[in-house]
K.L.:
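The structure that follows is given in the form of structure tokens.
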2 protein chains.
Amino acid sequence: MFSKGCEYAIRSVIFIANKSTEGERCTLQEISIGIDSPLAFTAKILQRLTKSDIVTSKKGPNGGFGISTNKINKTTLAEIIHIIDGSAVLNHCVLGLDQCSDTHPCPVHHKFLPIRNEILQLVHYTYLKEIVSDLSILNTYIRT
Amino acid sequence: MFSKGCEYAIRSVIFIANKSTEGERCTLQEISIGIDSPLAFTAKILQRLTKSDIVTSKKGPNGGFGISTNKINKTTLAEIIHIIDGSAVLNHCVLGLDQCSDTHPCPVHHKFLPIRNEILQLVHYTYLKEIVSDLSILNTYIRT
DNA sequence: TCTATTTCGGACAAAATAGTCCTTTATTAT
DNA sequence: ATAATAAAGGACTATTTTGTCCGAAATAGA
């Protein structure tokens, strides 16, 4: 569904948000271990999230990544997905047609439309805040 | 969602099924043009569909690909997807966890569960027969 | 100020996916 | 039989995705 980079991005942000909720910044290494992802590749992803102002970063000793309470409350999955994979990923035709719309639909367009809409709703209305609280409440995991 | 090969596979089979319904076999070239796909690559995909007994092929003059009425009635999208992309594609964790299940869920597992089930239902209960009839009835397209 | 720490950023490398090319094999019609 | 047609199959190439490596820049503490 999403690229590896996007998967790591979402898991990274959840990890950082969780730590930030506890008032702690975290380093790349902690994140990479915490979400079980390749360190250098994760670094690249975090750079993009930093430049896009989803997370904040600080160099040097006691540096690392963080995310403000405001961002935790207001950032949705959709924003992260958009930054890493772009908007096309959620609008790509199931059968790969360049043009696929209500007026020029592929053979499964109508069948997938409600599903696509549910996915769009889900990512646009799921905030980091909720996900982070689910971590402890629902016992969910960001690494195996 | 699916690989390019899988997209071409589904579109190819729909094209062939449509022709077969009209009692005509079709050649690789006709398929490639009909669904707007790279010819040689499509050939590879068709080989796999032939070996998996989804479509039939015949060499030589007046040869080409076809699909039996029985197969048109009984083949689902799930079967084609399974042959080309394998079963993992529909069960892959949204956040990329190797293990993601009801008992060891990623943070969005529960949220995506109903959507995943709808997708599974859709592909398992959508038969070629229905798709082919939609081609003319609903004016759907397998090329742009 | 010096050193250790940590992110930034660019170049590079590996792996997976997507796609091509060409020879062989089967089949049909002349 | 022969020639033409069309799929089968193997080797090869290109592109994209995924991932690494390393030096530079920033920052904090001794």
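Not measured: the values here are computed from a predicted model. Per chain, numbering begins at 1; letters A, B, ... match sequence-line order.
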K.L.:
Distance check needed: D/dT17 P versus A/E7 CD, whole Å only.
P.N.:
14 Å
K.L.:
Can you find a side-chain donor-acceptor pair between A/S37 and A/T42 that sits under 3.5 Å?
P.N.:
yes
K.L.:
Just wondering, more than 12 heavy atoms not from A/E24 lying within 6.0 Å of its CD?
P.N.:
yes
K.L.:
Can you name the nearest heavy-atom pair linking B/G63 to B/T27, along with the distance?
P.N.:
O-CG2, 4.2 Å
K.L.:
Please state how far atom CG in A/L49 lies from atom P in C/dC8, giving the value in whole angstrom units.
P.N.:
11 Å
K.L.:
If you only use heavy atoms from C-beta on, which nucleotide in C/dC8, D/dG9, C/dA18 is closest to the side chain of B/K51?
P.N.:
D/dG9
K.L.:
Using a cut-off of less than 4.0 Å, is there contact between a side-chain N or O of A/S57 and OP1 or OP2 of C/dT6?
P.N.:
no
K.L.:
Is it possible for you to say whether A/L97 and B/L122 belong to one hydrophobic cluster, with membership spreading through side-chain heavy-atom contacts below 4.5 Å?
P.N.:
no
K.L.:
Please state how far atom CD in A/Q47 lies from atom P in C/dG10, giving the value in whole angstrom units.
P.N.:
9 Å
K.L.:
Hey, is the side chain of B/Y8 poking within less than 4.0 Å of OP1 or OP2 on C/dG19, counting only N and O atoms?
P.N.:
yes
K.L.:
Tell me whether the side-chain N/O atoms of A/K58 come closer than 4.0 Å to OP1 or OP2 in C/dT5.
P.N.:
no
K.L.:
Can you list, in residue-number order, the parts of residues 11-46 of chain A that come under 4.0 Å of DNA chain D, counting heavy atoms only?
P.N.:
A/P38, A/A40, A/F41, A/K44
K.L.:
State plainly whether one hydrophobic cluster holds both B/L90 and B/V94, where clusters connect Ile, Leu, Val, Met, Phe, Trp and Tyr through side-chain heavy atoms under 4.5 angstrom apart.
P.N.:
yes
K.L.:
Kindly list each side-chain donor-acceptor pair under 3.5 angstrom involving residues 133-144 of chain A, sequence neighbours excluded, with atom names and distances?
P.N.:
from	atom 1	to	atom 2	distance (Å)
A/S133	OG	A/E130	O	3.0
A/S136	OG	A/S133	O	3.4
A/R143	NH1	A/I33	O	2.6

K.L.:
Measure NZ/B/K59 against P/C/dA26 and give the value in whole Å, please.
P.N.:
5 Å
K.L.:
Find the distance B/R48:CZ to C/dG19:P and express it as a whole number of Å.
P.N.:
14 Å
K.L.:
Starting at atom NZ of A/K4, determine the distance to atom C1' of C/dA15, rounded to an integer number of angstrom.
P.N.:
13 Å
